[in-house]
Amino acid sequence: MAAPEAWRARSCWFCEVAAATTMEATSREAAPAKSSASGPNAPPALFELCGRAVSAHMGVLESGVWALPGPILQSILPLLNIYYLERIEETALKKGLSTQAIWRRLWDELMKTRPSSLESVTCWRAKFMEAFFSHVLRGTIDVSSDRRLCDQRFSPLLHSSRHVRQLTICNMLQGATELVAEPNRRVLETLASSLHTLKFRHLLFSDVAAQQSLRQLLHQLIHHGAVSQVSLYSWPVPESALFILILTMSAGFWQPGPGGPPCRLCGEASRGRAPSRDEGSLLLGSRRPRRDAAERCAAALMASRRKSEAKQMPRAAPATRVTRRSAQESLIAGGTDLKRELHPPATSHEAPGTKRPPPAPAATSSASSSTSSYKRAPASSAPQPKPLKRFKRAAGKKGARARQGPGTESEDLYDFVFIVAGEKEDGEEMEIGEVACGALDGSDPSCLGLPALEASQRFRSISTLELFTVPLSTEAALTLCHLLSSWVSLESLTLSYNGLGSNIFRLLDSLRALSGQSGCRLRALHLSDLFSPLPILELTRAIVRALPLLRVLSIRVDHPSQRDNPGVPGNAGPPSHIIGDEEIPENCLEQLEMGFPRGAQPAPLLCSVLKASGSLQQLSLDSATFASPQDFGLVLQTLKEYNLALKRLSFHDMNLADCQSEVLFLLQNLTLQEITFSFCRLFEKRPAQFLPEMVAAMKGNSTLKGLRLPGNRLGNAGLLALADVFSEDSSSSLCQLDISSNCIKPDGLLEFAKRLERWGRGAFGHLRLFQNWLDQDAVTAREAIRRLRATCHVVSDSWDSSQAFADYVSTM
């Protein structure tokens, strides 16, 4: 009896509250109710008026509302604003109530966007609150425009911040300054614990203040937070200083900007211990002066420039020793001003025959060996180097303004990173890449003015870095490669359409150096670009050789490059350590995806990669072309002999019309669980003979679980032939079938469904029917799908085949 008494008491309490608040609510609604009583909109019901009154006074009645019985609470939930609806979520779940439908309706009414069909929304509350946070931060939503969003007792940013798992910063770094402001300190602290992914989209040129705010934001979210992934999307003209800032902060480096406030968290964490190299005191050695990252990069550029000049000097002149060590010492000698060194007087010349002082003894054997490897070069007839020019932003860009004063320009962290040599105006090229490869290939990086990262103490760094359509300049590629060489916490790297060109060699050197680091955790590499200086199979061999512990490799090259092709006269070939004829050592590769450019591929090179990948479980070949069906058969035979763990095999956009015997060989493989032939022209030749052979092979395969055949012009006849796979005398265990884009008509699909019913086969899983000609007879198509749903889960769409055909003809 106790439970009914409690329920009755709470109901009476709600009635009392409703009665006390109804008169006020009724007085506000009386005039509109009277005027619309005879219209289409009826006046609100008494319960709804009471619920609105209770919602308006939730600051006082919240604890009582939480204690209401489930049936009453369920009617009040849609009347609450988003803040109390979010707070009452846990109580509603305990009473067996769900708020997902309410949050979905709020999304449709307020966000007014439809989620992608590929997105599976598991929690509409989290999705709404995350989008709401972004809109409020950017100022694209007015919270005062809707009573469900406005409540003076709550801060929209603070209340929704704990649901933010992914934050996107766009254009002129909108939102970065607001987040680091003192009034939003609690918001930033909440984001530091909840945010996992930070994305940058369509960035533009930004000013110094915005970059300083971004520096503080990244420091708190990455170094003192939980952000594990940084992604950059669609940045056609990257601002070098901003790009390098994001990279270095993501790698765990931190140096306060000029005039920036000190980090409160760093002060608490560093109390009682000596400052580290990553906290503004990056020391190059006990006897070397302090230099920031800008000076070190400037030293690298100066060293490479001097090496380039030394190579161009005539041999007949007196020799002068030019070494990386001397270049470094000339920059960091005590009392030497870096600006004066970067801008030498135009009239200063060395006398003919004068030699520079000998370099100081090297501290390590590696440094001495690298120093002695450089040749002597004359100096008398060498042209005097021109002053280096600073990087200038493009004129007219929004937000770009000149820096003035010694406190802004000379002390900026990345002020000297992007220096355009004056020689480039005269057609001379700086060979930074050679210096970078030398530094990453086992020698001491400090000899180039770059820090020995492996010996420094870092802050926390991210584990996933993604760069999509972000062109990398030489300086940016050099910085990325230098960071990668010791980025041991990095687990996944994606470089998509970055215009690497010959910088791919530096990337391979840095990946090889990273693989040699203890604790290297890089297990996934996704690389795609328009051109490559190496053939794709040579590039794959080089990557697998450099990263033997890699688990996932996805590589795609759209076009064979003519400009960077090593075979073109005048172009230097790749370094000898990049490619070689020696066998690839055994690796840990489990997933390999390759997208090929047009042209026949050498099957032996692909087979050498497969032979070294004994743990391979998934292989995907896109647009691969072989010289003959025998080469394709050689690849399949290698898979059968060396890749016994292979479970999934996918071919896309390959002409397999002449490889029908090889396809049958695959379907008889008793280790594969899923095979995909996507747009492979399987049934272009001999369909009447090939289809029965294919069905017979599948009926005898009891391990194959999934078969995907999109885009092969199967037609009604082919579909009915495939139905025999599910007959009573079949031992097939096929449970997933994809027959999308196969010119299937409604009558053929209906007959397919009837045959499945006739054989009484149980539910076999999923059937995909996208982009077939089912719109030619909608009634028959619906009947066929209704029958199929009794047997399997059908996924289809409302595709307009006539419009698709018209679009195809218009592009011919």
Side-chain angles (χ1 to χ4, degrees), residues 101 104 114-121 667 674-684 687-688 690-692 694-699 701 704-809:
R104 174 60 192 269
R114 179 177 298 179
S116 171
S117 58
L118 302 178
E119 180 183 6
S120 178
V121 181
L667 294 176
E674 182 178 308
I675 303 179
T676 299
F677 297 103
S678 176
F679 295 89
C680 290
R681 302 163 66 177
L682 282 182
F683 312 108
E684 187 174 287
F690 177 60
L691 270 171
M694 179 178 175
V695 170
M698 294 175 60
K699 291 174 66 174
N701 192 334
L704 188 64
K705 307 294 182 182
L707 179 64
R708 304 178 186 275
L709 301 171
N712 285 283
R713 301 187 65 85
L714 187 63
N716 285 355
L719 178 63
L720 296 180
L722 282 182
D724 195 36
V725 175
F726 306 99
S727 62
E728 298 176 351
D729 61 341
S730 174
S731 59
S732 171
S733 57
L734 193 68
C735 58
Q736 293 186 358
L737 180 62
D738 187 352
I739 50 176
S740 303
S741 304
N742 269 291
C743 308
I744 297 174
K745 298 181 180 180
D747 55 343
L749 186 64
L750 180 60
E751 182 61 27
F752 177 75
K754 291 179 178 179
R755 292 192 181 187
L756 293 183
E757 290 178 347
R758 186 182 313 124
W759 287 319
R761 187 70 179 262
F764 67 87
H766 290 75
L767 178 65
R768 298 173 65 88
L769 295 170
F770 291 112
Q771 297 185 356
N772 280 298
W773 297 350
L774 302 183
D775 58 327
Q776 295 184 359
D777 188 348
V779 177
T780 304
R782 284 196 297 268
E783 175 64 17
I785 293 177
R786 185 189 66 81
R787 289 172 175 263
L788 285 172
R789 283 175 176 167
T791 307
C792 59
H793 177 68
V794 181
V795 182
S796 183
D797 60 354
S798 55
W799 186 59
D800 188 353
S801 58
S802 60
Q803 182 61 42
F805 181 75
D807 295 340
Y808 173 75
V809 172

Check against side chain to side chain donor-acceptor pair (under 3.5 Å), Ser740 and Gln771: CA-CA 6 Å; Ser740 303; Gln771 297 185 356; over 6 Å; no
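- A distance of 12.0 Å separates NZ of Lys754 from CG of Leu788, quoted to the nearest 0.5 Å.
- Side-chain N or O atoms of Ser730 include one that pairs as donor or acceptor with a backbone N or O of Val725 at under 3.5 Å.
- For the atom pair CG of Leu667 and CG of Leu704, the computed distance is 7.0 Å after rounding to the nearest 0.5 Å.
- If you take CH2 on Trp799 and CZ on Phe770, they are separated by 13.0 Å, rounding to the nearest 0.5 Å.
- Contact between Lys745 and Leu774 at its shortest, heavy atoms only, is C-CD2, 4.1 Å.
- Atoms CZ and CG, from Arg755 and Leu722 in turn, are 11.0 Å apart once rounded to the nearest 0.5 Å.
- The backbone N or O of Leu709 lies less than 3.5 Å from no partner atom in the side chain of Thr676, so there is not a single donor-acceptor pair.
- With rounding to the nearest 0.5 Å, the separation of CG in Leu767 from CG in Leu737 is 5.5 Å.
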side-chain contact (heavy atoms from CB on, under 4.5 Å) for Arg787 and Leu750? Distances and angles first, verdict last. CA-CA 8 Å; Arg787 289 172 175 263; Leu750 180 60; 3.7 Å; yes
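- In this structure, Arg789 has no salt bridge (Lys or Arg N to Asp or Glu O under 4.0 Å) partners at least two apart in sequence or on a different chain.
- Sorted by first and then second residue, the pairs that involve residues 711-723 and meet side chain to side chain donor-acceptor pair (under 3.5 Å), not counting sequence neighbours, are Asn716-Asp747.
- With values rounded to the nearest 0.5 angstrom, Ile675 atom CD1 is found 7.0 Å from Asn701 atom CG.
- In this structure, His766 and His793 have perpendicular ring planes: the angle between them is above 60°, well past the 30° mark.
- Within the 3.5 Å criterion, the main-chain N or O of Cys743 finds a donor-acceptor partner in the side chain of Asn772.
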side-chain contact (heavy atoms from CB on, under 4.5 Å), that's the test. Do Arg708 and Glu674 meet it? Break it down for me. CA-CA 8 Å; Arg708 304 178 186 275; Glu674 182 178 308; 3.3 Å; yes
